[in-house]
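Comments concern the structure below.
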Protein chains: 2
Amino acid sequence: MSHMAYACLMAVDPDHVLRSAAALLTRKSTATMDEVAKAAGISRATLHRHFAGRDALVRALETLCIAECKAALDAARLDEGTASEAVRRLVGAAEPAAGLLAFLYTENQLFEGEEQNAGWSLIDDRISALFRRGQLSGEFRIDLTPAWLTEALYGLIASGAWMVRSGKGAPKDFQHMIVELLLGGALRREES
Amino acid sequence: MSHMAYACLMAVDPDHVLRSAAALLTRKSTATMDEVAKAAGISRATLHRHFAGRDALVRALETLCIAECKAALDAARLDEGTASEAVRRLVGAAEPAAGLLAFLYTENQLFEGEEQNAGWSLIDDRISALFRRGQLSGEFRIDLTPAWLTEALYGLIASGAWMVRSGKGAPKDFQHMIVELLLGGALRREES
DNA sequence: CCCGCATGAGACATTCATGTCTCATATGGC
DNA sequence: GCCATATGAGACATGAATGTCTCATGCGGG
């Protein structure tokens with residue numbers, strides 16, 4: 001039942017399982033392995049055959065999210081055009097990963113351990129470099145550090161995902177909400 | 001040890017327990033009741049006498065946080081001066097509660113239930129009203145809804161608390177980081 | 001001085017998620 | 001058509017955190 005994606009194959013598609021898990025955990029972050037399995041349309045035993053445990057599952061989701069973020073970074077072509085345009089493209093490209101990002105953002109278990117996935121540093125660095133580029137070009141103010149702008153971007157993406165998920169905001173406004181606030185701020189600008 | 005508030009009394013100070021729990025859970029959100037008790041310098045049995053369970057403890061922390069937020073709202077005198085100044089005062093006044101706020105922000109268990117503490121709506125309303133006042137006075141742009149600005153403020157406070165806690169930002173920059181980004185944005189302004 | 005009461009320590013049962021196992025089944029390739 | 005293999009279903013053990021209990025202790029008030 002469930003899906004026809006593997007109608008002619010017995011093997012479970014691990015990617016499909018990950019997507020289902022992401023969609024479920026985004027809504028209910030405390031879901032058990034049983035619920036994750038049901039959401040993916042497989043048995044708990046099979047789920048456990050593919051992912052050794054909940055920890056491994058979350059790690060796999062982390063890897064998936066890192067890959068999606070990297071893809072978003074690539075798709076956004078951060079080096080082209082003004083830094084503002086690049087930020088706008090980045091937020092737009094990151095929207096599909098926003099829910100998963102918000103989930104992992106609150107999964108502080110990932111950061112309490114001794115080692116965290118090195119992939120995040122690479123992503124942080126690329127985003128920080130973008131903000132630094134904007135500062136060097138005189139486009140961005142320099143009293144806000146690139147590290148803070150990066151962290152704030154994460155926070156705003158998580159808040160935006162939360163707004164959309166709770167129905168208090170429309171998905172079509174996601175990019176505009178975040179980019180306008182992050183770049184322009186709440187103050188009304190004189191120069192229209 | 002710890003406090004002298006009840007040096008001559010046997011009774012445990014529930015407020016002191018809550019403060020300790022907040023300080024611990026802010027650092028390690030997965031701490032057990034045992035760890036919370038040890039952090040407060042009491043036994044698990046006594047902790048359980050005051051707070052029926054972990055759920056009750058989190059609810060009490062929620063109530064405490066709501067009270068602190070209300071106090072911050074009052075102290076910020078949102079109706080006085082420009083909306084910008086009020087926002088600045090609000091963020092400054094909210095800093096002591098930022099850590100606890102960030103913890104509760106990630107405690108999605110609070111929002112998955114059927115009912116959430118009504119206190120939050122009151123706080124949301126007051127903050128939204130502040131942003132709306134700024135919009136009506138022409139101070140804030142109107143293409144960003146008060147609801148989004150409110151949500152973004154929560155997100156930025158959480159991100160700021162995380163920056164400070166991880167050592168990537170100085171506590172003295174907390175207010176400036178958040179207010180400048182929330183109001184002014186990352187773009188450099190022409191009019192200095 | 002003695003009683004009351006809150007606490008600390010610890011034992012104990014319970015619950016829940018997890019991890020592991022076996023076995024029957026159905027599919028797909030050969 | 002047969003066999004290898006992956007799956008589903010379920011039983012089972014495990015571990016951790018929780019909730020509840022009893023009992024001894026120690027301080028403070030009367």
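Residue numbering restarts at 1 for every chain, and letters A, B, ... go by the order of the sequence lines. Not measured: the values here are computed from a predicted model.
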Is the backbone N or O of [Y] less than 3.5 Å from a side-chain atom of [X], with the two atoms forming a donor-acceptor pair by type?
X	Y	result
B/Glu35	B/Thr32	yes
B/Ser159	B/Gly155	yes
A/Trp120	A/Ile66	no

Round to a whole Å and report the spacing from [atom1] of [X] to [atom2] of [N].
X	N	atom1	atom2	value
B/Phe51	D/dG19	CZ	P	13 Å
B/Leu47	D/dG19	CG	P	10 Å
A/His48	D/dG8	NE2	P	15 Å
A/Asp13	D/dA6	CG	P	15 Å
A/Asp55	C/dG19	CG	P	8 Å
A/Arg54	C/dT20	CZ	C1'	19 Å

Using OP1 and OP2 only, check whether a side-chain N or O of A/His50 sits under 4.0 Å from D/dT7. yes
N/O (side chain, B/Ser43) to phosphate O (OP1/OP2, C/dG8) under 4.0 Å: yes
Near B/Ile142 CD1, under 6.0 Å, is it more than 12 heavy atoms from other residues, nucleotides or ligands? no
For a 4.5 angstrom cut-off between non-hydrogen side-chain atoms, does A/Glu139 reach A/Thr82? yes
Taking the side chain as everything from C-beta on, heavy atoms only, tell me whether A/Thr106 gets closer than 4.5 Å to B/Tyr105. no
Check this for me: does the side-chain of A/Arg49 come within 3.5 Å of the base of C/dG19 through a donor and an acceptor? no
If you assign each of B/Arg44 and A/Ala45 to its closest nucleotide in DNA chain D, which residue comes earlier from the 5' end? A/Ala45
Looking at residues 25-35 of chain A, who's got a heavy atom less than 4.0 Å off DNA chain D? none
